[in-house]
Visitor: 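Handing you this structure, nothing more for now.
Note that these values count all heavy atoms, side chains included, but never hydrogens, waters or copies made by symmetry. Because the structure is predicted, anything quoted here is derived from the model rather than measured.
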Amino acid sequence: QVQLVESGGSTVQAGGSLRLSCIASGNILNIETWNWYRQVLGKERELVATITSDDNTEYPNSVKGRFTIFRDSAKATAYLQMNSLKPEDTAVYYCNTPRILFEDQTMGVRQAIDYWGQGTQVTVSS
């Protein structure tokens, strides 16, 4: 079955860098748009990066110039490169796609809507 599996989160000092990965497992046929979100306990989830099928990217001002989203469609994988990390970047980071088209062995081609990874913790120490 289809899964989004994130990795790369860890503890890093301020000014350091991390690269997060999100791999879509299963027989993935198409993922057009990838998003990265982050969430601090007790606060709303924040969109921090988007990449579309035509390679348009969007970032909020809080991360613009420091974070870069990119993907490897052949590997069904999205990445978030985070540089110049700040303590306020500390959060659980989630990958997301609005739609996954995949093939189930018995059910055929299926569609999953608003699909999320499990999250990976990023902690930036001062």
Side-chain angles (χ1 to χ4, degrees):
Q1 194 57 261
V2 64
Q3 282 189 317
L4 299 184
V5 180
E6 294 154 300
S7 62
S10 67
T11 299
V12 64
Q13 292 184 345
S17 298
L18 285 174
R19 179 176 291 183
L20 307 183
S21 300
C22 181
I23 301 173
S25 63
N27 191 8
I28 307 300
L29 300 180
N30 190 45
I31 299 176
E32 294 182 345
T33 297
W34 286 98
N35 301 306
W36 284 95
Y37 288 79
R38 66 186 181 188
Q39 188 170 30
V40 177
L41 184 64
K43 297 184 178 180
E44 294 184 358
R45 190 167 295 184
E46 177 189 17
L47 177 65
V48 297
T50 295
I51 186 166
T52 63
S53 60
D54 58 358
D55 287 333
N56 284 337
T57 57
E58 296 181 0
Y59 309 91
N61 289 335
S62 58
V63 307
K64 190 175 297 182
R66 300 187 298 117
F67 289 12
T68 302
I69 184 172
F70 59 102
R71 65 172 181 261
D72 186 335
S73 296
K75 297 179 179 179
T77 301
Y79 304 91
L80 184 68
Q81 179 67 45
M82 304 184 294
N83 299 325
S84 301
L85 284 163
K86 304 174 180 179
E88 51 263 44
D89 296 320
T90 296
V92 178
Y93 284 72
Y94 300 88
C95 66
N96 160 267
T97 181
R99 187 179 73 161
I100 301 176
L101 193 66
F102 67 98
E103 186 169 16
D104 183 88
Q105 289 185 338
T106 58
M107 300 297 293
V109 177
R110 310 294 283 182
Q111 179 178 261
I113 303 298
D114 197 23
Y115 215 81
W116 294 83
Q118 82 289 347
T120 184
Q121 176 71 47
V122 171
T123 302
V124 184
S125 61
S126 60

Visitor: Which residue is it: N96, T57, N35? I am looking for the one with a side chain to side chain donor-acceptor pair (under 3.5 Å) to T50.
Guide: N35
Visitor: If we count only N and O atoms by modelled type, under 3.5 Å, do the side chains of Q81 and N83 hold a donor and an acceptor together?
Guide: yes
Visitor: Would you please name every residue forming a salt bridge (Lys or Arg N to Asp or Glu O under 4.0 Å) with E32, sequence neighbours left out?
Guide: R99
Visitor: Determine yes or no for a side-chain-to-main-chain donor-acceptor pair under 3.5 angstrom, with T97 supplying the side chain and T33 the backbone.
Guide: yes
Visitor: Would you call T68 and Y79 a side-chain contact if the rule is heavy atoms closer than 4.5 Å?
Guide: no
Visitor: Less than 6.0 angstrom separating the ring centers of Y94 and Y37, yes or no?
Guide: no
Visitor: For Q39 and R45, work out which heavy atoms get closest and say how close.
Guide: OE1-NH2, 3.0 Å
Visitor: Taking ILVMFWY side chains as joined if any heavy atoms are under 4.5 angstrom apart, and letting links pass through other members, which residues group with V124?
Guide: V2, L4, V12, L18, L20, I28, I31, W34, W36, V48, I51, Y59, V63, F67, I69, L80, M82, L85, Y93, I100, F102, Y115, V122
Visitor: Looking at every non-hydrogen atom in both residues, tell me the closest pair between A14 and S126 and how far apart they are.
Guide: CB-CA, 4.4 Å
Visitor: Any side-chain heavy atom of K75 sitting closer than 4.5 Å to one from S21?
Guide: no
Visitor: Just by modelled atom types, is the G119 backbone N or O under 3.5 Å from a matching donor or acceptor in the E6 side chain?
Guide: yes
Visitor: Measure the CZ-OG distance between R19 and S7 for me, rounded to the nearest 0.5 Å.
Guide: 11.5 Å
Visitor: Under 4.5 Å between any side-chain heavy atoms of V40 and T90, yes or no?
Guide: no
Visitor: Would you please name every residue forming a salt bridge (Lys or Arg N to Asp or Glu O under 4.0 Å) with R66, sequence neighbours left out?
Guide: D89
Visitor: So which heavy atom on R71 is nearest to which on D54, and how close?
Guide: NH2-N, 4.3 Å
